[in-house]
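Input: a single structure, listed below in structure tokens.
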Amino acid sequence: MKTEPTTFSFDDLLRAPRKTTGWDGVRNYQARNFLREMKKGDTVFIYHSNTDPKAVVGIAEVVREAYPDPTQFDPKDDHHDPDSSPDDPRWSQVDVRAVEKLAHPVSLERMKTARELAGMALLQRGNRLSVLPVSEVEFRAVVKMGKSGS
DNA sequence: GCCAACGTTGGC
DNA sequence: GCCAACGTTGGC
């Protein structure tokens with residue numbers, strides 16, 4: 001899951017009550033569909049975009065499966081969607097809880113050099129989705145880099 | 001600041 | 001249903 005740290009960082013998640021937050025504001029159908037596929041207990045990476053360095057910075061866990069994102073119904077919210085009906089909410093969110101900060105953030109640059117990550121969704125050309133799948137192999141590889149710093 | 005790679009909107 | 005125009009994301 002991508003986030004701009006100036007908006008909401010992994011440290012913000014660590015400081016949140018119960019280290020948990022509702023991952024709201026996703027307004028892309030593909031990304032939304034990935035959210036809806038998430039299961040309680042699924043592990044996720046938190047990735048900082050639009051920062052230097054861009055990197056996977058921590059691990060979190062899905063603690064609540066997809067439910068309607070309340071911000072879509074809030075006219076004062078940036079993510080308000082006047083076309084979404086409460087009877088059939090268009091946008092979903094999940095709740096995630098911080099599990100662990102990586103000792104060494106794994107930079108985008110670093111990930112690009114790792115053979116195991118050649119097919120990683122995050123690294124594919126032109127990908128702008130804020131929620132992306134990670135395979136088991138990719139997950140283990142990034143965690144390893146995050147712990148060893150190499 | 002630029003621009004590629006999208007996704008969305010709206011005229012037709 | 002097509003597609004041009006426009007808006008956004010995010011890496012560089």
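Everything quoted here is computed from the prediction, not taken from an experiment. Proteins come first, then strands; the chains are lettered A, B, ... in the order of their sequence lines, and each starts at number 1. Just the heavy atoms: all of them, side chains too, but no hydrogens, waters or symmetry mates, feed the values below.
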Shared hydrophobic cluster for A:Ile46 and A:Val143 (ILVMFWY, side-chain gaps under 4.5 Å): yes

Going only through I, L, V, M, F, W and Y residues with side-chain contacts under 4.5 Å, is there a path from A:Phe10 to A:Val63? no

Taking atom types as modelled, find out whether A:Ser92 and A:Arg36 have a side-chain donor-acceptor pair closer than 3.5 angstrom. yes

For DNA chain B, list all stems, counting runs of three or more consecutive pairs where every pair is Watson-Crick or G-U wobble with both distances under 3.5 Å. B:1-12 with C:1-12

Going by side-chain heavy atoms closer than 4.5 Å, which hydrophobic residues are tied to A:Trp91, directly or by a chain of links? A:Tyr29

Test side-chain hydrogen bond (donor to acceptor under 3.5 Å, both in side chains), reference A:Thr71, set A:His79, A:Arg27, A:His80, A:Lys76, output is A:Arg27

Tell me which residues in residues 104-115 of chain A lie within less than 4.0 Å of DNA chain C, going by non-hydrogen atoms. A:Leu108, A:Lys112

Segment of DNA chain B, first to last nucleotide, that comes within the 4.0 Å heavy-atom reach of chain A: B:dA4 to B:dT8

Do any pairs count as a ring pair (Phe, Tyr, Trp, His ring centres under 6.0 Å) and have a residue in residues 39-73 of chain A, sequence neighbours left out, and if so which ones? A:Phe45-A:Phe139

Charged N-O contact under 4.0 Å between A:Glu61 and A:Arg97: yes

Tell me every residue that passes salt bridge (charged side-chain N to carboxylate O under 4.0 Å, His left out) with A:Glu100, counting only those two or more places apart in sequence or in another chain. A:Lys147

Does A:Asp11 come within less than 4.0 Å of A:Lys101, counting only side-chain N to carboxylate O? yes

Salt bridge check: are A:Arg15 and A:Asp12 linked by an N-O gap of less than 4.0 Å? yes

